Every structure is written in C-alpha cells, then in structure tokens.
Amino acid sequence: MVQTGDLSPAVWLTERQSGQGEFMTVAGATAVGFAAYARVLHPAHLDERPVRWEAVGAAYGRRPGGAVRWHELIGVTRDESYGDVSLPGVWDEEPGEGPTPPDVARALVPVLARHTGTPERCWYALWEGYGRWEWYAVPRFETPHRGRVLMAGPLADADSPTSLDPYAELPDLWWPEDRAWCLGGDVDLRSTYVAGSEALITDLLADPSLEAHRVSPTDPLD
C-alpha cells in the first residue's frame, strides 16, 4: 500500500552523517550501522533458465566474489558488457539490472522472515523515476540521489507488484518495522544488498537458493 501521508518510518534512512552511506556504496544502497552486509547476485540466464555467476565465472576461468563486478567476471569493459555479449552454452542474457528480481525476492523472503520480529509489518520504498506508475500526487522522501515513494505491507507480499504487471519493478528498499535489517537495490545494479545481523548474513550466505557474498559497507556497487 502506497503511503500518502506520514513518511516518518523512512526518516532513519535519510539521517546520514557526512562520509557515511555515500551514494553507490553498499551502505548507501541499504543503511548504515549494521553488523554485517551481503551482496546477493542476480542470475544470468541461458534459454530463460537462471545461471549462477559461479557457473559463468568457471567458463571464463574466474571466480565471483563480493567485489567482483559482472563485466570483470566475463572479461570485458563495463561499456562492452552492455553490447551483444554472450557465451554459447553458458549464458545468453546478462543479470537483470534494477531492483531485486522476483525469483530472487521469493528466495530472500523466508530467510529475512527468520530474522525479524515484525514480518507482518514491513516498509518498502520505490524510486520515483522508473516511469511505470504516476506519482505526481504522492509524497516522497530522499536517499542519496534518489527520491522514493513509501509503501507498507507484510514481508510475504514483497513481490506483489508483479501481480499487477509481470514486468513491474519491485521496491528498491525493504525493511521491517523493528529495523532488524535493510535490503537495498537500485535501477543500475545487477545485485541486491542486505544489511543486518551477523546471524542473518551467515544465513544468507549458506542458503543454496541464493548466490551471496559478504561485503563491507564502503564497498562499491554493481
């Protein structure tokens, strides 16, 4: 549900001291002050089937990691990675850029739910610039270089925008009312980032349905 009045649940994300949570850093995409952070990789695809970065990297003799960017994994420049690049039999579609892909979101939900006391009361934020919906009459709040619309709902409904439009962007930011963690993505990213407790990040890294790596709050994004 889009929030058209009180935006106070998002104020904590806007209160950043200089040098903390800079734009295009892990903490800038999520929130500052958490014990641990993880990067969850968006899968590439082959014939519309998901392909893990690990499998792609093996084909190129490289290994993915917290700081390895997609173009580095496939051995091209960033600009070249947006061209007609693929590897027959390994991947034919690069990882999706933007907020968390629905399949990744559905894998994240049960892990995140185990690490909050308020899974039925969560907040979400969507960048106003995607262009799919009209937000002229809706108040926004600001995070680094992004104006966002505030939404509310249970964690289980995180992927519900796709029920309205199968191509709809999911929210960029998710956090529970108890602020036990904060998930962040962005229009330009091939990864989703999660800030939380050490127990949560350990759980994410161990989940076989996710491809995740530990990162630090000041690491750059991809």
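One is the number of the first residue; the rest follow in order along the sequence. These figures come from a predicted structure and were not determined experimentally.
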*Can Q3 and Y124 be said to form a side-chain hydrogen bond (donor to acceptor under 3.5 Å, both in side chains), step by step?*
CA-CA 10 Å; Q3 303 301 291; Y124 301 92; over 6 Å; no
*asked:* One pair to check against salt bridge (charged side-chain N to carboxylate O under 4.0 Å, His left out): D103 and R49. What are the steps and the verdict?
replied: CA-CA 11 Å; D103 287 347; R49 299 189 304 273; over 6 Å; no
*Please walk me through it: do R78 and R69 pass side chain to side chain contact (heavy atoms under 4.5 Å, CB included)?*
CA-CA 9 Å; R78 178 177 287 276; R69 302 181 182 189; 3.3 Å; yes
*Check the pair V56, V51 against side chain to side chain contact (heavy atoms under 4.5 Å, CB included), reporting the backbone distance first and the verdict last.*
CA-CA 7 Å; V56 173; V51 178; 3.8 Å; yes
*asked:* Run E177 and W123 through side chain to side chain contact (heavy atoms under 4.5 Å, CB included) and show every step you take.
replied: CA-CA 7 Å; E177 190 168 281; W123 298 97; 4.2 Å; yes
*Hey, mind stepping through L183 and L112 against side chain to side chain contact (heavy atoms under 4.5 Å, CB included) and telling me if it holds?*
CA-CA 9 Å; L183 176 149; L112 295 172; 4.0 Å; yes
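Separation of atoms CH2 (W174) and CE (M151) is listed at 13.0 Å; rounding is to 0.5 Å. In this structure, CG in L7 is found 7.5 Å from CZ in F141, a value given to the nearest 0.5 Å. To the nearest 0.5 Å, the span separating CZ on R132 from CG on L126 amounts to 10.0 Å. Here L173 contributes atom CG and C122 contributes atom SG; the two are 13.0 Å apart, rounded to the nearest 0.5 Å. Interatomic distance, CD of E54 versus CD of E211, reported as 6.0 Å (0.5 Å rounding). For the atom pair CG (D186) and CE (M24), the distance works out to 6.5 Å, reported to the nearest 0.5 Å.
Here the closest non-hydrogen pair linking A107 and L210 is CB-CD2, 3.6 Å. Here the shortest heavy-atom pairing between L189 and D222 reads CD2-C, 3.8 Å. Contact detail for W181 and H115: the closest heavy-atom pair is CD1-O, 3.4 Å. Here the closest non-hydrogen pair linking V109 and A156 is CG1-CA, 4.2 Å. R214 approaches I201 most closely through the heavy-atom pair NH1-CG2, 4.0 Å. Of all heavy-atom pairs spanning G184 and T30, the tightest one is N-CG2, 3.7 Å.
Side-chain atoms of T162 never come within 3.5 Å of backbone atoms of D165 as a donor-acceptor pair (strictly under, hydrogens ignored). Formation of a donor-acceptor pair under 3.5 Å by the D178 side chain with backbone atoms of T116 is not found in this model. The main-chain N or O of F34 is found under 3.5 Å from a side-chain atom of Y37 such that the two form a donor-acceptor pair. The main-chain N or O of G147 is never found under 3.5 Å from a side-chain atom of R140 such that the two would form a donor-acceptor pair.
Counting only heavy atoms from C-beta outward, the side chains of R148 and D172 approach each other to under 4.5 Å. Residues R146 and V187 meet the side-chain proximity criterion, which asks for heavy atoms closer than 4.5 Å. Proximity of P43 to V104: side-chain heavy atoms (C-beta onward) are separated by under 4.5 Å at one or more points. Considering only heavy atoms from C-beta on, P176 stays 4.5 Å or farther from C182 through its side chain. Contact check for V2 versus W135: side-chain heavy atoms found under the 4.5 Å cut-off.
Residue V11 belongs to no hydrophobic cluster, having no ILVMFWY side-chain heavy atom closer than 4.5 Å to its own.
No hydrogens or angles considered: nothing links the side chains of S191 and H42 as a donor-acceptor pair under 3.5 Å. In summary, the side chains of Y193 and D219 do not present any donor paired with an acceptor at a separation below 3.5 Å, with no hydrogens or angles considered. The closest side-chain donor-acceptor pair between D207 and S209 falls under 3.5 angstrom.
Taking the side-chain hydrogen bond (donor to acceptor under 3.5 Å, both in side chains) definition, one finds that Y167 meets it with nothing, sequence neighbours left out. With sequence neighbours left out, H213 forms a side-chain hydrogen bond (donor to acceptor under 3.5 Å, both in side chains) with no residue at all. Take E142 and apply the salt bridge (Lys or Arg N to Asp or Glu O under 4.0 Å) test, not counting sequence neighbours, and it matches no residue. Every salt bridge (Lys or Arg N to Asp or Glu O under 4.0 Å) that D159 has, sequence neighbours left out, goes to R106.
For E198, the CD atom is densely surrounded, since the number of other residues' heavy atoms within 6.0 Å is greater than 12. Within a 6.0 Å radius of CZ in R63, no more than 12 heavy atoms belonging to other residues, nucleotides or ligands are found.
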For residues 86-96, run the donor-acceptor check on the side chains, cut-off 3.5 Å, and write out each pair with its distance to 0.1 Å, sequence neighbours left out.
residue, atom, partner, partner atom, Å
W91, NE1, Y60, OH, 3.1
D92, OD1, D47, N, 3.4
D92, OD2, D47, N, 3.0
E94, OE1, R190, NH2, 3.2

